[in-house]
Every structure is written in C-alpha cells, then in structure tokens.
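The structure appears right after this line, and notes come after that.
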4 protein chains.
Amino acid sequence: MTRRRSDTREQIRRVALELFAEQGYEKTSLREIAERLDVTKAALYYHFKTKEDIVASLFADFHAEAEELLEWARGQQPTPASRREFVRRYAEIIQGPGKEMLRFMQQNEPAVRDLKGGADLRARMQSFAEFLVDKETSLPDQIRARLSILTLHMTHFAMRDTDIDENELQDAALEVALDLIPDE
Amino acid sequence: MTRRRSDTREQIRRVALELFAEQGYEKTSLREIAERLDVTKAALYYHFKTKEDIVASLFADFHAEAEELLEWARGQQPTPASRREFVRRYAEIIQGPGKEMLRFMQQNEPAVRDLKGGADLRARMQSFAEFLVDKETSLPDQIRARLSILTLHMTHFAMRDTDIDENELQDAALEVALDLIPDE
Amino acid sequence: MTRRRSDTREQIRRVALELFAEQGYEKTSLREIAERLDVTKAALYYHFKTKEDIVASLFADFHAEAEELLEWARGQQPTPASRREFVRRYAEIIQGPGKEMLRFMQQNEPAVRDLKGGADLRARMQSFAEFLVDKETSLPDQIRARLSILTLHMTHFAMRDTDIDENELQDAALEVALDLIPDE
Amino acid sequence: MTRRRSDTREQIRRVALELFAEQGYEKTSLREIAERLDVTKAALYYHFKTKEDIVASLFADFHAEAEELLEWARGQQPTPASRREFVRRYAEIIQGPGKEMLRFMQQNEPAVRDLKGGADLRARMQSFAEFLVDKETSLPDQIRARLSILTLHMTHFAMRDTDIDENELQDAALEVALDLIPDE
DNA sequence: CATGAATGAGTATTCATTCAT
DNA sequence: AATGAATGAATACTCATTCAT
C-alpha cells in the first residue's frame, strides 16, 4: 500500500509531535517514530535533514499562525476591547490544532530553548505581551497580561487531575484569561 | 585532598539540581556533574544508587516542605484569610531554596512525571488546590485558585525577557497570586 | 568494503560461539567480538538486540536439531536397539557442528541457566532421558542412561590432557555410551 | 556483636563458595559477598588480597584433600580392589564438604581455568586417572575410568530434575562409578 | 521513495581495588 | 579488625546520522 505524495512527510510530523508532546523531545528517538509508522529510520532522513528539523518544521506552523495574529494586531489600536479580541483569537489557535505543540513547548523548555526556531517562539510571546499591556502599566498588571496567555496554555495541564469536560474547561479558561486583561 | 564527611554528597545534589534546572534531566549527564565537582562518575555512584536517585533525593526535600505546609493547612479553617496565608507561606518556600527545584519540575514535565517521587509531587499540588477552593466553587474560580499557585511558579519564567528587579517581581507575583483567591 | 547480505550476522554468531565456548559468556565482551570482526559494537546491535539474543540465536539452532531427533524418537518403540540408535544419532549431532555449543553449555551452567532459551535446553535433555530409560528402571540404570549422554558431552573435555586422536576418541566415546544403555 | 578471631575469614570463605557455586564466579561480586555478611567490601580486603585469593584459598582445601588421597594411593599397588577403594574414598570427599566446591569447578570451567590454583586441580585429576588405569589399557576403558570420577561429580547435577532422595542417589552413583572400573 | 548496514560518540552503571583513618 | 570515600577501567546498550543501492 503506497502513500500519496508526501503523505509520509505529514505522518512523520504528526507522529513526532504526538510523541514529543507526550514523552518529551530527548526521550523520543527517531527509531520510535519510524517504528510507529512502520518505515525505517533512514526514511525519516529522506524527508528531514535532522531530528531537529522535524521540530523546526512543526515550530514553523505555529510560528506562522502566531505571525498572522500579530499581523492583525499591528493593524489595531491597543484598547481593552481589541486586547480581549486578541486573547480570544489566540485561544482559538491554541485550543485547536496548536494544543499539542503548546504542551510540547511548555513542558520541554530546556530542549525547546536550544532548538532551531525556539528563540523565535519566545520572541513571539514577547510581542504578544507588548500588545497586551502598555509599557507604563503597573508591574502586577504586566504579570496579569502574561498570565492571561499562560492561563490558556496551562489550564488543560493544571486541571488534568479533575474530570471536568474539556469544552467547559476551555470556556472557563478563556473567561479567566479575559478577566486578567486590565479594564483600563 | 579529601572532603568533609558527606560534603561531597551535598555538592552532588547542589550541582545536579543546578544542571537539571538549567539544561533538563536528560541532557545532563553524570559525566558533566562529576566533572564540575572534579570527581569521577564512580564517586557519584558511591553516594547515589542511580541518576534517578539523585533527583529523588532532591524531590524529597521539596516534598518535606510541602508536607509541612499541608500539615499547617490541615489545622486551619479554609477561609479567604487562611487561604491567602497559605499562598504567602508557599511563596516563601518556592521563592527561597525551592526556586530551582520548581523550575526543574515546571520545565521538565515528561522527565519528572516518570521519576521516582514525581507522582507524589503532583498529588501534593492536588492537595493544595483542595485547600484553596471549595468543591462547589464555580469553574473559573477553581481555575483561578490553581492559577494562583502557578503564578508563583511561573512569574520568574514568564517575565525573564524583562529587566525587572527580582524582588520587585516576587512581590508583584505574590500580589497577583493573592488577588486570584476568591474574596468570599 | 561491505559484506554480502547478512554475512556479518553469521560471522557474529560464529565468532561469538567460539569465544563464549573458549572464555565463557561473562568474560567475553561485545567489544572483543566486534574487534575480531573488525566492526563496531554498534554493528552487533544492528544484528542482535542484546548480547543475550546472540546466544539465544545459537541455542535455537541446537534446539532445532534436538527437536528433530526427539521427533524421530517419538515415532519409535523404546527398545534397546532404538535407544542405541538414538545415542548414535545424538553423537552425530554433537560431534559435528554442535560441539562448541555443547562445550559452552556444559562449562557455563550458571550463565546458561538464566539465559533466554537455557531452560528449554534443559527440558530437552530431560526428554532424552525419558526416551532412554523406563520409569521403573533401577536407579543405577537411570544414572547410566544419563551418563551415556554425558559421556558424549564430556569425553573430549575429560580426555583433553591426553594426546589421543580426536576421531579415535569419538569412536571410543560412542562405544562407551552405547554400552551404558541397559541390555534389558 | 563481635566475632571470634578470624571467624569473619571463615564466613567469607563460606559465603563466597556458596555464591560462586550458585551463580558462578564472574556473576558473584564482592559487594554481594560483603552484603550477605553485613560487612564492607574493604573488610574482605583485610582478609584476602584479591577476589582470586578467596577462590585460591578454597581450592587449597580441596587440593589438600586430593593430595592426601593421592598420598594414600601412592602407597598402594594399583589393583581392581585398590582402585575401587580409591573411588570409594574419593566419593566420601566430594559427597561431603567438597560438594559445593565440585559444583563450582565443574560448572565454571572457563573461570576456574585461569584462576590461581586452577591448573593444579586439573593436574590432580590427571593423577587420579593415572592411578585408575594402566597406560596400555584400551581407550574405552580409559574413558570409563575417567567417567567413573565424573559420575561422582555429575550425578547430583545430571539428576536434578528428578525427585530422588539425595542419599539413595549418592549410593547409586557410587555403584555406577565402581562398576566403571575395569575388573581385571 | 526508501532500505539495509553500519558508525562514532555518547549514556548509565558495575566492578575490583586502594588507602587514610 | 574494619570502614568510608573514592578511583580507573570496563561493560552493555542507545542514538542520531550516513551512504551505497
């Protein structure tokens, strides 16, 4: 059973992300990824130059979505309303397909930090913060703005020991996140 | 030149925590720890049975502090005031010597998760949450309570790209954390 | 210079058996095997999952020959004649390619005992004994039957300090072995 | 609780032999011996210069008993009767305290071979054979003589999968062994 | 588009041994 | 008579990577 052109490439990305998010970057070996897909390790090297490149390719996706969001933000006046809209849009991104990516980034800092593209992601987060608060805002409010983003990132993880419905949880997380944006 | 009794053991723990927090558990090899201390790898094995046991020993310290805090909490009525006091006390723990431990735990989830004692730590967090909110509380407030703890954990990390003074930051983080505990 | 397909695998088995028989399982390191073949240790791991698996693969061969012999035995009435034929056939196996395997098994009991497949081999020997003597036979004759097999196993070893020709020795060993099978 | 003078030395020998016979020489570490006796590894080094020396000391005991037996043999005319008496006396040695030693020697050839004193033991066996058969005896009878000794060595081991009483087994083994000594 | 075979550099761990106290 | 602390050399094994086919 042959695959459609570069179906394999997509499969590699999918499985890799799954495993990286679940077990961490270091603990996931190329052998493991290859075995899950029932191809050889060498096949991975046909599609990606290195292990790092697989991750870089995944980062790029997320990066693109973040960039698009920032593009939108650049066209907005930073008001409480537009800021809340920003949070809402970001929630949509990371509660959708970006969820696993996020988990990976959040729970594998030391690895992500020195991976190609890891620095960019951090810069992106910094840009988010800059849109969400004025430079002169009080320190607690600056923390709150960042916490707003983090709330979206972490809720799923922080509440994993409860048995609350995933959708309810996401809605509540968004509510809390919006609430952390200063009213002016 | 021999060291004082079990000085070495303490040094191993210190250096190990430093490196684990900085580079992650997997990326830190016993060779690296040994080299920093100018002893052989075998010396580490004289003091600890496995690499995992070094971490377990570090976890144990944190675990003990958390346990002490919970002991105190068990003697309290859960009121907004006592809950805030709880957060204050926890802040003292993790902004002190527990800071590196926290960073390690937060940024190396996949590794920590299957390390000896890792599960216990998570259970502890769960107990914290139980003291901080009533079961019937609204979902957003439940999230806020957990976020309160997370604020203390993450502020240093979330703000690392700014150049704000460490102490100011801790104070502001505590303020935000306290503010996330429901009023009534 | 690459080798023919799976030539290497066969070479590993050959050299490993040689060394295991000569120096014992524990004393033979994978480094040593690799060096003799002028490949890296990692190459061994390409062909076998573990050191134990190399042995297991060797055991399997011997196991197969033993099984074939037992298959034949199952089709026979156990008479003095068929029993002697059994001993003759067994002699052929172990005086041929099985010789080194035998030496290894005989002289490395503690190691063999807990290797994958080691238990099976022992069970096989037990089955041999069952074909060679009736359950009600006198104890000395039961011992003799087992000794018959052992004679074939051990003669080479027990006589190694003499300078008798190998073939003469094998013939004499067979004669002694056959003589130990009760006449009825 | 202190030990009597050099009680410890004896204990080390006892435990070491036990473990060497059970698990083999290589697989038995000094740590294991020390732990069983609840002393440190360094304590072993107070009593023996090396691991090999522990074995050498055990060999020496067996060696002495063998030497005594040979001393007796040297004073005898080699007749069928005296040869049978020799076998009887040897049986007494190795079915008594020498049993574990024998098991060790038999099942750890590669290790024993290069241990201090291992060569001597082999030479002793050679001397046994020389007393038991004339040089001009037929090859099969030479094999039988050696097999006679081997019978005593191996019976316990070769019959371990049956549930026959140990004493009965030893008696039967002696009977078979005696029977292997040529009549005239 | 992919495989089979291999490598080099690394990892955690174990062991016999030493020595100052 | 024994310990606590340490070493140096080894071991089995894993991993990301390469390349001819």
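Just the heavy atoms: all of them, side chains too, but no hydrogens, waters or symmetry mates, feed the values below. Within every chain, numbering begins at 1; the chains are lettered A, B, ... in the order of the sequence lines, protein sequences first and strands thereafter.
Between C:Arg31 and C:Glu35 there is a salt bridge, with a side-chain nitrogen of the basic residue lying less than 4.0 Å from a carboxylate oxygen of the acidic one. Taking 4.0 Å as the cut-off between side-chain N and carboxylate O, A:Glu67 and A:Arg124 count as a salt-bridged pair. Ion pairing between B:Glu109 and B:Arg122 holds under the 4.0 Å rule for side-chain N and carboxylate O. Using a 4.0 Å cut-off between charged side-chain N and carboxylate O, A:Arg14 and A:Glu10 make no salt bridge.
When the shell of 6.0 Å around NZ of C:Lys116 is examined, it contains more than 12 heavy atoms from other residues, nucleotides or ligands.
At F:dT11, one or more side-chain N or O atoms of C:Ser29 fall inside 4.0 Å of OP1 or OP2 (strictly under the cut-off). Look at D:His47 and you'll find a side-chain N or O under 4.0 angstrom from OP1 or OP2 of F:dA2. For the OP1/OP2 pair of E:dA2 and a distance below 4.0 Å, the side-chain nitrogens and oxygens of A:Thr8 include at least one atom meeting the criterion. Checking the phosphate oxygens (OP1, OP2) of E:dT11, a side-chain nitrogen or oxygen of B:Arg31 falls inside 4.0 Å.
For D:Ala43 and C:Thr28, each mapped to the nucleotide of DNA chain F holding its nearest heavy atom, the one lying further toward the 5' end belongs to D:Ala43. Place C:Glu32 and A:Ala42 on DNA chain F by their nearest nucleotides, and C:Glu32 ends up nearer the 5' end. Position along DNA chain E of the nearest nucleotide to B:Thr50 versus C:Thr40 favours C:Thr40 as the more 5'-ward residue.
The distance between atom OH of A:Tyr46 and atom P of F:dT21, rounded to the nearest whole Å, is 19 Å. Between D:Tyr45 atom OH and F:dA6 atom C1' the separation is 14 Å, expressed in whole Å. Note: CG (C:Leu37) to P (E:dT7) measures 11 Å, nearest angstrom. Regarding A:Lys27, its NZ atom lies at a distance of 14 Å from the P atom of F:dA16, rounded to whole Å. In this entry the distance linking CG of C:Leu30 with P of E:dG10 reads 20 Å, nearest Å. Spacing between atom CG of A:Leu44 and atom P of F:dA16 amounts to 10 Å, rounded to whole angstrom units. Atom pair C:Asp7:CG and E:dG4:P shows a separation of 17 Å (rounding to whole Å applied). The separation between A:Lys41 atom NZ and E:dA2 atom P is 17 Å, rounded to whole Å.
Comparing atom distances between the C:Val39 side chain and each of E:dT7, E:dT18, F:dT3 picks out E:dT7 as nearest.
The side-chain tip of B:Lys27 does not point at the ring of A:Tyr25 from less than 6.0 angstrom away and within 45° of straight on.
How far CG of D:Leu102 is from CZ of D:Phe62: 5.0 Å, rounded to the nearest 0.5 Å.
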Read 5' to 3' with Watson-Crick or G-U pairs under 3.5 Å, [ ] for crossing pairs and | for partners on another strand, DNA chain E gives .||||||||||||||||||||
